[in-house]
Amino acid sequence: MLLNLNKKTEMDNLENNIFTTPYYQFDKLAIDIFRMQYRENEVYQQYVKSLHIDPDKVLKLVDIPFLPISFFKTHEVICKGYKPELIFESSGTTGETTSKHFVKSSTLYQESFTNGFKLFYGDIKNWCILGLLPGYLERSNSSLVKMVADLIDKSENPRSSFYLHNHETLYQMLVANEIAEQPSLLIGVTYSLLDFAEKYSIKLKHTTIMETGGMKGKREEIT
């Protein structure tokens, strides 16, 4: 029992340190997390062993072996003894096996993207969040939808919302925000942004477009 408590304390401390460690100490923190993952994550441990890597000899960030994303389609990648609070599933394309992301802590997940947003964009309350994410909204377990929904809620802007296929309403919101000089973040899946752009032409001075997701089989991929 004491061993389990010590393990939980170590993992909790590492999680807390992610958001408080100065940038010049990040490499050390990353190595500590790598070694913890090696001990507690059986899938990752087997992968590192298959590469014949001694974890004690991994001393630099660039030496940490990264698990191929394909493993998330075939294995449950999670540390021992934890029941995930969230299980996200990739969108994939038609007929493709999707990957699953088992998230230990929903609070940690929210704190991560909230701090990331603040770092690059500032206070969320200064922004209007517009989500153009058809496909994602039409299925469950999307990490992107979870993130955007939380950002919409935190923005406290009455125009912040998801827009499925209602491009006319989205156009009106963008025009109103441009007139009001309201900073806006339009988060859209690639093919839907292109569909919207073909219908409407707007000079955007106060809007940032965040492209995500690709074509999802709807259009030819742009390389």
Hydrophobic clustering (ILVMFWY, side-chain heavy atoms < 4.5 Å, transitive) - are [Y] and [X] grouped together?
X	Y	result
V148	F120	yes
V77	I64	yes
L67	Y82	no

(request) Fit a plane to each ring of F88 and H101, take the angle between them on a 0 to 90° scale, and name the class: parallel (under 30°), tilted (30 to 60°) or perpendicular (over 60°). (result) tilted
Pair up each side-chain donor or acceptor in residues 26-33 with any protein partner under 3.5 Å, not counting sequence neighbours, and list the distances.
unit_1 : atom_1 : unit_2 : atom_2 : d
K28    : NZ     : D32    : OD2    : 3.1

(message) As a test of understanding, state which of R39, E40, E42 forms a side-chain contact (heavy atoms from CB on, under 4.5 Å) with C79.
(response)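 Single side-chain contact (heavy atoms from CB on, under 4.5 Å) partner of C79 among R39, E40, E42: E40.
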(message) Which residue in the set I129, L132, V145 passes side-chain contact (heavy atoms from CB on, under 4.5 Å) when paired with F162?
(response) V145
(request) For residues Y109 and F113, establish whether the separation of their ring centroids is below 6.0 Å. (result)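 Close enough - the centres of the two rings lie under 6.0 Å apart.
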(message) How about CG on L119, more than 12 heavy atoms from neighbouring residues, nucleotides or ligands closer than 6.0 Å, or not?
(response)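 For L119, atom CG is crowded (more than 12 foreign heavy atoms under 6.0 Å).
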(request) State whether the side chain of E85 and the backbone N or O of S106 hold a donor-acceptor pair below 3.5 Å, judged by distance alone. (result)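 Present.
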(request) Look only at the side chain of Q45 and the backbone of Y38, and say whether a donor-acceptor pair between them is shorter than 3.5 Å. (result) yes
(request) Could you list the residues that satisfy side chain to side chain contact (heavy atoms under 4.5 Å, CB included) with T208, not counting sequence neighbours? (result) Y121, W127, L185
(message) Once ring pair (Phe, Tyr, Trp, His ring centres under 6.0 Å) is applied, do any residues pair with Y171, and if so which ones, sequence neighbours excluded?
(response) Y200
Looking only at heavy atoms, what is the nearest atom pair of [X] and [Y], with distance?
X	Y	result
P55	R35	O-NE, 3.4 Å
R159	L130	O-CD2, 3.5 Å
C128	N157	CB-ND2, 3.7 Å

